[in-house]
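Quick note: residue numbers are just sequence positions, from 1. None of these values were measured; they are calculated from a predicted model.
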Amino acid sequence: MTATLKKYLGGKFTFVDLPYDRAKLAAFRPTMWHAGELTRLLKTLPNADVDAFLVVYPQVESGIQLESGHFNQNVLWVRYVMELIDSHTYKTIASSTSRYQIHEGGMPEFPGRVLGDEFKLDDKLTVSPENLEKLRALTDAMLEVTLTETVRSLQFGVALPPVGDHSLLPAPPVKSTEGVKTIAIASAIGDRLLLHVPGGTFTKDTDVKIPIADWGLDADVEAAIRGLLSKDYAVKDVPVDRAALAQKWWVMNGKEATVAVPQTQDVDAYLLVVKDERKILSGLGLWHDGNWVSDWTYLAANYLVLLVDAHTLKPIIGRVAVMSSKSASGFPSEKLPNGVWPNAKSLDTLPPGAKPVIRDAAMHLLKDSLGETLYQMGMKLEDGAMPAA
């Protein structure tokens, strides 16, 4: 942590190393029960050669925590307080809590990272040596990204990596994709546009499906993926019944997948783009809420990218679509003009001029999210293929 702060702030400030009681600082908490403790500790330090103290201490009992069972998830928390304190008056100049942010324009999130089931704790709260080493690496990465955003929030006026920079929090290596060299691509999310109107006190949810296969979105998605994949993969054409693929319910439990693609020896794997049927708006959809309180229309692209072994049809890896750091939203969605929403009496017909607006917005969401999603899956991409992070 100290090394990272010096790296970011060393060009603007001169750092002076002072001996201090780290155990006492670690025991301090930002609560009324600890009022005055930090000032008393700082007053024991020589202050003739410094203008201010940059102090970092745990926000809770332990700044670094592994919480198992948090909404049925395992979360690594890195929670601390950073304060710049005048070394002569001991008044706080600036203060911030640690924060996690990977999307520009959005709100910072609480500094927690969801981990896999291998980090689930048993009743004795034991952690294997192997997992402990993994936790250390994950903590280092979390410290790097949270320090960047915490320093940014204090407005020191120094150069920092962009929000969401992959160098701060790179995608974890995925060994399961290492043997994949030849790929067939198939997209099955562009056959229809789902329109959803949320119900109210006296009305039910309304859903209408509008056929849009003639928009050619699936062909554009497949072309976009071809442009994203690096020369490490050979992309081959394998006949796929796209209509059947669009209707299948997918099962991804690490053991099997229900698929509508043929087994083949022509490629190592299928890279499939399919609807996320768990969402109200699965695939491409418009959500409209128009009443006396609000009136808005959103386009969503809820889909999964799946890498499936072409020989066995067993899943290799899958990922819910996510947007790049250039989007304020983590998931593919965008507010559209209300004029694209159909007349209430004919929801199955889009108004004139709506098609190009919806199609352009959909391709923007898809192109941005495809690159980030493939990156998070551990796929190798062409240099410069993704939006700059």
Side-chain angles (χ1 to χ4, degrees), residues 103-106 164 185-197 207-229 242-243 245-246 271-276 279-290 294-305 319-344 346-376 381-382 384-389:
H103 290 279
E104 290 184 1
I185 303 170
S187 173
I189 61 172
D191 61 325
R192 52 95 174 130
L193 181 70
L194 179 62
L195 274 61
H196 178 79
V197 181
D207 293 297
V208 176
K209 297 177 182 179
I210 297 179
I212 59 169
D214 61 334
W215 291 14
L217 288 171
D218 283 318
D220 285 352
V221 167
E222 292 167 5
I225 294 175
R226 283 178 179 266
L228 288 166
L229 294 181
R242 189 179 280 160
L245 186 62
L271 189 62
L272 305 175
V273 181
V274 296
K275 303 181 187 77
D276 186 352
K279 303 291 181 64
I280 294 176
L281 283 181
S282 63
L284 296 173
L286 288 178
W287 180 303
H288 180 73
D289 193 358
S294 60
D295 188 16
W296 45 255
T297 303
Y298 269 87
L299 172 69
N302 293 315
Y303 67 94
L304 309 172
V305 179
R319 188 72 165 83
V320 175
V322 290
M323 295 291 281
S324 77
S325 62
K326 291 301 180 182
S327 171
S329 171
F331 297 98
S333 63
E334 182 176 333
K335 189 175 183 180
L336 296 185
N338 285 329
V340 303
W341 187 256
N343 185 289
S346 56
L347 286 178
D348 57 349
T349 304
L350 293 174
K355 173 184 171 179
V357 176
I358 298 172
R359 194 189 189 286
D360 288 349
M363 284 310 304
H364 169 260
L365 293 178
L366 291 167
K367 286 183 177 180
D368 183 283
S369 56
L370 282 169
E372 185 66 27
T373 306
L374 290 169
Y375 172 80
Q376 295 294 340
L381 306 181
E382 289 281 5
M386 291 179 55

Grab the two heavy atoms, one from [X] and one from [Y], that are nearest each other, plus how far apart they are.
X	Y	result
S325	G164	CB-CA, 3.7 Å
L350	P342	CD2-CG, 4.1 Å
L245	A186	CD2-CB, 4.0 Å
L284	A301	CD2-CB, 3.7 Å
T373	V322	OG1-N, 3.1 Å
I189	D218	N-OD1, 3.0 Å

Tell me if a side-chain donor or acceptor on [X] pairs with a main-chain N or O of [Y] at a distance below 3.5 Å.
X	Y	value
D368	M323	no
N302	L281	yes
H196	D207	no
E222	S187	yes
N338	T297	yes

Could you tell me if the side chain of [Y] sits less than 4.5 Å from the side chain of [X], heavy atoms only?
X	Y	result
K275	D191	yes
W341	D295	no
L366	V273	no
S333	W287	no

Give, for atom [atom1] of [X] and atom [atom2] of [Y], the distance between the pair rounded to the nearest 0.5 Å.
X	Y	atom1	atom2	answer
L365	Y303	CG	OH	8.5 Å
I210	L195	CD1	CG	4.5 Å
I358	L336	CD1	CG	6.5 Å
S329	E104	OG	CD	13.5 Å

### Listed partners of Y298 passing ring-ring contact (aromatic ring centres under 6.0 Å, His included), at least two apart
W296
### Message
Determine whether L229 and I185 satisfy the following criterion, side-chain contact (heavy atoms from CB on, under 4.5 Å), listing intermediate values before the conclusion.
### Response
CA-CA 11 Å; L229 294 181; I185 303 170; 4.3 Å; yes
### Query
Does any pair with a residue in residues 353-362 pass side-chain hydrogen bond (donor to acceptor under 3.5 Å, both in side chains), and if so which ones, sequence neighbours excluded?
D220-R359
### Message
Under the criterion side-chain contact (heavy atoms from CB on, under 4.5 Å), I'd like the reasoning laid out for R319 against E372: C-alpha separation, chi angles, the key distance, then a yes or no.
### Response
CA-CA 10 Å; R319 188 72 165 83; E372 185 66 27; over 6 Å; no
### Query
Hey, mind stepping through R192 and S282 against side-chain contact (heavy atoms from CB on, under 4.5 Å) and telling me if it holds?
CA-CA 10 Å; R192 52 95 174 130; S282 63; 3.0 Å; yes
#### Entry: Derivation of the side-chain contact (heavy atoms from CB on, under 4.5 Å) call for V305 and L271
CA-CA 7 Å; V305 179; L271 189 62; 3.8 Å; yes
